[in-house]
Amino acid sequence: MANPTKIPFLDLVAPHQDLETELLAVVKKAFATAGFIGGPMVEEFEREFAAFCNAEYCVAVNSGTDALRFAFMAAGVEPGDVIITVPHTFIATTEAISQAGAQIAFVDIHEQTYTMDPSKLREYIETHCDFDSADGKLIERSSKRRVAGIVPVHLYGQTADMDPIQELAAKYNLFVIEDACQAHGAEYFSKNANAWKRAGSIGKAATFSFYPGKNLGACGEGGAITTNDAAMAAHMKMIRDHGQAKKYYHDIEGYNGRLDSIQAGLLSVKLAYLAKWNESRRMLAHRYHKLFDESKESVVLPQEAQWTKGVYHLYVVRVQDRDALQAHLAEAGIGFGIHYPIPLHLQKAYRGLPYKKGDFPVTERIAAEIISLPMFPQLSPEQQDVVVASVKDFVSTKMTSSR
Ligand SMILES: Cc1ncc(COP(=O)(O)O)c(C=O)c1O
């Protein structure tokens, strides 16, 4: 029988206990004014989060999934258009593509960074599509559909390599929407701009999730879109609120997709701590790297490319015999996660897509080996030592038994 968990994968209780007084003040304020929908708390959070991301505008919505869907709609996606993303992401990325009426096209990830491989993107565009320079449309040859945009996912808190992706997008007239749902505060060094850029300020728009376990998490559901495009921001504000800019004047059909005021207020409180929390995650990641240094042969560590400053939403390592390691950690009472065990192109939900096993070898290989170790700002060095000792114990026993 497994031990009851001694070291959690994620401790969501500690930060809420630490901030209880400040968080409860938000709830009391909402009760005192009955301002539950829209209003100053939402507007203030939008201003603060836009500033945090170095973006002009932020539109707060009720989930990361809706953030993606609304961004696609406002970027001008037409029914049947193709949107390109990766098969190694949470299904919300592709659900939102389908919900916006578009078709999913996958390109593989990079073996070291686990984010979109720009060379695979180029290969898809150059070998599977035709560009009509007269009307500026990229057409997928097999389906004859227009390719509208690209969604790089800043997975595990590390940005995708955005310069080459943006260059291809500019050349072929495609939009780029960053899926930054796991990357609040991550940075990218753009050689083209010769500057560090924050996730949320690079593409045409970027989407964030405030699901409780995220680096910035609500006490419920929440999401946001950031952009520097005023028209797009205004459009997304309408989409999230039944297609109205003025009450009961509906220019289009929209959704009930607003972030509620209490969540916005709670997020403002937590946003003030986000930089500190992200720094703790980075320090813990570097400590993990050091502690695992001598086991690098058997434990593949996450690699931070020179062009990124990650915020370690997850600390994901790779091992052979991942299933046995799961059993070993469970026995020791150590929490872990698998993000994600089945690549999206092999999920039942997508059996209708024209993909098969073997199509995305990097994604398929790593999906069988990855395991996410405990990572949260309050993780103590003592807890981290126990995690590392347990993983090392596993790999050394395996090595001895395979001799
Ligand atoms: C990469 C990615 N995209 C999109 C989402 C969707 O966010 P939400 O759960 O807030 O809808 C998530 C959330 O887990 C995510 O990790």
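Order of appearance sets the numbers: ligands from 1, and atoms from 1 within every ligand. No experiment lies behind these values; they were computed from the predicted model shown.
Close approach of ligand 1 to Thr89 is summarised as follows: ligand atoms under 4.0 Å from at least one heavy atom of the residue are 1 (C). Short contacts between ligand 1 and Val153, defined as distances under 4.0 Å to a heavy atom of the residue, involve ligand atoms 1 (C). Near Thr93, the atoms of ligand 1 lying under 4.0 angstrom from a non-hydrogen atom of the residue are 3 (N). Residue-ligand proximity, Gln182 to ligand 1, at heavy-atom distances under 4.0 Å covers atoms 1 (C), 16 (O). The Asp179 neighbourhood of ligand 1 comprises atoms 1 (C), 2 (C), 3 (N), 4 (C), with distances under 4.0 Å to a heavy atom of that residue. The ligand atoms of ligand 1 that sit less than 4.0 angstrom from a heavy atom of Ala92 are 4 (C), 5 (C), 6 (C).
Checked against a 3.5 angstrom limit, the closest N/O atoms of Tyr211 and ligand 1 fall outside it. The N/O atoms of Thr65, backbone and side chain alike, include one that comes under 3.5 Å of an N/O atom in ligand 1. Distances between N or O atoms of Lys214 and those of ligand 1 include at least one value under 3.5 Å.
Ser396 places a side-chain N or O within 3.5 Å of a backbone atom of Lys392 that can act as its donor or acceptor partner.
For the pair Arg146 and Asp81, the salt-bridge criterion is met [side-chain N within less than 4.0 Å of a carboxylate O]. Looking at Asp293 and Lys290, no side-chain N of the basic residue comes within less than 4.0 Å of a carboxylate O on the acidic one, giving no salt bridge. We find that Glu46 and Arg240 are joined by a salt bridge, their nearest charged nitrogen and carboxylate oxygen being less than 4.0 Å apart. Salt-bridge annotation for Arg198 and Glu178: absent, with no side-chain N of the basic residue lying under 4.0 Å from a carboxylate O of the acidic one.
The aromatic ring centres of Phe49 and Tyr57 sit 6.0 Å or more apart. For Tyr255 and His242, the distance between ring centers is not under 6.0 angstrom.
Nearest residue to atom 2 (C) of ligand 1 from Cys181, Pro212, Ser63 is Cys181 (criterion: closest heavy atom).
Side-chain atoms of His339 and Ser372 include a donor-acceptor pair closer than 3.5 Å.
Protein heavy atom nearest atom 9 (O) of ligand 1, with residue, atom name and distance: Ser209 OG, 3.9 Å.
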